[in-house]
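Worksheet for the structure shown next.
Since this is a predicted model, take the numbers as computed values, not measurements. The chains referred to below are lettered A, B, ... by the order of the sequence lines, with proteins before strands, and numbering in each begins at 1.
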Amino acid sequence: MPAPRVRFAPSPTGFLHVGGARTALFNWLFARGTGGVFVLRIEDTDESRERPEYRSEIFNALRWLGMDWDEGPNKGGAFGPYTQRERMHLYTEAKEKLRAGGFVYPCFCSSRFDEAADFQDDEGDDRKQALRCSCHELTEAEVADRIKASGTEPALRFRVDRTVSHDVSDLVRGEVSFPPGEVEDFIITKAGGAPLYNFACVVDDAQMQITHVIRGEEHLGNVPKQVLMYEALGYEPPQFAHLPILLNNDRKKLSKRDGATAVGDYRRLGYLPQALVNFLALLGWSAGGDKEIMKIDEMLALFDLDRVQKSGAVFDTVKLTWMNGEYLKVAKIDTLVDGVLELIELEPDVAELRTDRWHVTAICELLRERAKTLAEIIKANKYLFSKAYTLVWDSEAVQKRAGTPEALDRLRELSTTLRDCEEWDKVPLETALRALSERTGIKAGDYIQPLRVAVTGASVSPGIFETIEVLGRDVTLGRVNSFLSAHSTGSAV
RNA sequence: GGCGCCAUAGUCUAUCGGUUAGGACGUCGCCCUUUCACGGCGAAGAGACGAGUUCGAUUCUCGUUGGCGCUACCA
């Protein structure tokens, strides 16, 4: 059996969203796991909906996730070009072939989508009622007249046998049957000659010798039409595998309107690509047994279309976030630092932050065990990055644990103790504080809490000794002094 | 509306006729503790419904119900 050839064929009409990424991943996993070839093809037949920036965004997202392609734009291959806009001659050729074979007929109806009558479905949603076209009844003379009248090449409609049922086979869903009359004659090229998705897709998949078409379930209804075209064109149809739809929390198909859905969104939110990939792999597929956290190599070894699920899968960001936390714990420290450095440049107050690599490394070491995302490392812990001595101290925290006269007194004592500490390291720092506590008979916690509020601005932080070690002597002492002067003079709380 | 697909806890899933129906996220409780997390331990929580096949159904078949998807000269 020849090596499988699969493709991911996004349309540059939007950012790469997680559903598309999941489709790409399954194709990639299948190709890499079977010694096959992974092709990237850009389906840009609909110029009106396209934005130029999406193209590179899609490439970037794919690369960020670690999915490399063997053939595609900027890469080449034996079956190029790999963007449909550059393949028009192939569609023209195929179109002529279908016309010569009598598989298509010209259609002069205007767009059914624009013209169709509205109606409301059960939910009260506005829908479009499909119209039936009768252009196939036109005589040759009538056709000639209409072409002359319109002055442009007419749209072409593929003739479908309405008397038989159209049965297709799917690797995930098994046999699927469409009753006679269900599959309608469909447009393959618009008026003017531009090819449409179903047609271009088949021409390309056939010419690129794609053996397995792995894509979302929303395409299942296209299969009979596409199979018919393969046959008309004289090609052997590929195998199909339709993946379960990705759902939002309302169990509806995940769409751009559901908040963060673009791969780039997750990058900006501080997720690691490995975590996203791992999570995506588990949406509609499982390795069997209890295996969840998997390295790419393991996924590659285990991935199998046979284990793909049939029912839709909810994209649960809570679980994704947990998984990202797991990856944060085991990632190389430099990976974390690079990620934080990349994101911190986006912060509006980046000028007031300490972004030297040494300092950021210390912060990442401190937070990797507790943070779930890189963004959390930055946003929830600004005080670790900030150069400032004067913070916006949380008033409730101050009131409860640092602003009382007693707390302020302890803070003063502690400040002296800390200042006298020769080695600014968590161990001697803790030893010094506990010695102070021992001496005064005041609980260590009663020193710790005011200190925490003074240097972090809040009553919550990582271990206080690690925290002030990372902050460093100057910032720690500076903030304590600043806090003291801001709250001492009777004005406090 | 028509057609198609689907159906194990709130969510992702294991199970390929016989299990106390397993795991993970989340939730709750306890422990750890300088706060918050992390971590450890534990708990609650599922086979939509109804027939049929079978000695035996979550698993096979049919029906019901429900959910979703498609229904464009979009992809």
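- Take the nearest nucleotide of RNA chain B for Ile245(A) and for Gln84(A): the residue whose nucleotide is more 5' is Ile245(A).
- With Trp28(A) as the fixed residue, the side chain to side chain contact (heavy atoms under 4.5 Å, CB included) test singles out one of Phe38(A), Phe8(A), Trp69(A): Phe38(A).
- Side-chain atoms of Glu50(A) and Thr13(A) form no donor-acceptor pair, as typed in the model, at a separation below 3.5 Å.
- Rounded to an integer number of Å, the gap from Glu47(A) CD to A75(B) P is 11 Å.
- For Glu86(A), the CD atom is densely surrounded, since the number of other residues' heavy atoms within 6.0 Å is greater than 12.
- Distance Arg410(A) CZ to U34(B) C1': 13 Å, rounded to the nearest Å.
- Spacing between U11(B) and G26(B) at atom P, rounded to whole Å, works out to 16 Å.
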Do nucleotides 5-15 of chain B as a string where each nucleotide becomes B, S or -: B if the base has a protein heavy atom under 4.0 Å, S if just the sugar-phosphate does, - if no protein is that close. SSS---SBSSS
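- The separation of C32(B) from A57(B), taken at their C1' atoms, amounts to 46 Å, rounded to a whole angstrom.
- Looking at heavy-atom distances under 4.0 Å, Thr321(A) makes no contact with the nucleic acid at all.
- Comparing the P positions of U59(B) and A14(B) gives a spacing of 16 Å, expressed to the nearest Å.
- Screening Arg173(A), Lys310(A), Arg215(A) for a side-chain hydrogen bond (donor to acceptor under 3.5 Å, both in side chains) with His242(A), the sole residue that qualifies is Arg215(A).
- In this structure, the CZ atom of Arg85(A) is 13 Å from the C1' atom of A75(B), given to the nearest Å.
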Write out a two-atom table: protein N or O, nucleotide N or O from nucleotides 37-40 of chain B, distance below 3.5 Å.
from: A37(B); atom 1: O2'; to: Arg370(A); atom 2: O; distance (Å): 3.4
from: A37(B); atom 1: N3; to: Arg370(A); atom 2: NH1; distance (Å): 3.2
from: C38(B); atom 1: O3'; to: Lys329(A); atom 2: NZ; distance (Å): 3.2
from: G39(B); atom 1: OP1; to: Lys329(A); atom 2: NZ; distance (Å): 3.0

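- Residue-level contact check: Pro462(A) touches the bases, meaning some heavy atom is under 4.0 Å from a base atom.
- OP1 or OP2 of C70(B) has at least one side-chain nitrogen or oxygen of Lys253(A) nearer than 4.0 Å.
- Phe199(A) pairs in a side chain to side chain contact (heavy atoms under 4.5 Å, CB included) with only one of the listed residues (Leu156(A), Asp204(A), Leu98(A), Val104(A)), which is Leu98(A).
- The CD1-P distance, from Ile293(A) to G23(B), rounds to 17 Å in whole Å.
- Rounded to whole Å, the separation between the P atoms of A9(B) and U15(B) comes to 16 Å.
- Asn222(A) places its CG atom 16 Å from the P atom of G69(B), with the value rounded to the nearest Å.
- In this structure, Ile464(A) reaches the bases: a heavy-atom distance under 4.0 Å links it to at least one base atom across the strands shown.
- Here G4(B) presents its C1' atom at 14 Å from CD of Glu184(A), a figure rounded to the nearest Å.
- Across every strand in view, G39(B) sits in a pair with C31(B) that passes the Watson-Crick or G-U test at under 3.5 angstrom.
- Comparing C25(B) with C41(B), their P atoms sit 12 Å apart, to the nearest whole Å.
- Between G10(B) and C5(B), the distance separating the two C1' atoms is 24 Å to the nearest Å.
- In this structure, G69(B) forms a base pair with C3(B), meeting either the Watson-Crick or the G-U wobble geometry with both donor-acceptor distances under 3.5 Å.
- For Phe158(A), the ring pair (Phe, Tyr, Trp, His ring centres under 6.0 Å) test picks out Phe186(A), with sequence neighbours left out.
- Both Ala444(A) and His219(A) lie near RNA chain B, and the one whose nearest nucleotide falls closer to the 5' end is Ala444(A).
- Both the sub-6.0 Å distance and the 45° axial angle are not jointly satisfied by Arg307(A) relative to the ring of Phe303(A).
- Shown here are the ring pair (Phe, Tyr, Trp, His ring centres under 6.0 Å) partners of Phe178(A), two or more places apart in sequence or in another chain: there are none.
- A 3.5 Å limit on both hydrogen-bonding distances identifies G10(B) as the Watson-Crick or G-U partner of C25(B).
- Residue His17(A) holds its NE2 atom at 11.5 Å from CZ of Phe315(A), rounded to the nearest 0.5 Å.
- Going from atom CG of Leu471(A) over to atom OG of Ser461(A) covers 9.5 Å, rounded to the nearest 0.5 Å.
- Across all strands, Phe465(A) comes closer than 4.0 Å to base atoms (heavy-atom distances).
- Pairs passing the side-chain hydrogen bond (donor to acceptor under 3.5 Å, both in side chains) check and including a residue from residues 269-279 of chain A, sequence neighbours excluded, read Tyr271(A)-Thr321(A), Asn278(A)-Tyr327(A).
- Distance noted for atom C1' between A7(B) and C49(B): 12 Å (whole Å).
- Only the P atoms considered, G66(B) is 35 Å distant from A75(B), to the nearest whole Å.
- For Glu376(A), there are no salt bridge (Lys or Arg N to Asp or Glu O under 4.0 Å) partners two or more places apart in sequence or in a different chain.
- If you check every strand for non-hydrogen atoms under 4.0 Å, Ser461(A) touches a base.
- One atom, CG of Leu436(A), and another, C1' of U34(B), lie 14 Å apart when rounded to the nearest Å.
- In this structure, A48(B) forms a base pair with U64(B), meeting either the Watson-Crick or the G-U wobble geometry with both donor-acceptor distances under 3.5 Å.
- We find that CZ of Phe178(A) is positioned 16 Å from P of G69(B), with the value rounded to whole Å.
- Residue Arg452(A) places a side-chain atom within donor-acceptor reach of the base of U34(B), judged by atom type and a 3.5 Å distance cut-off alone.
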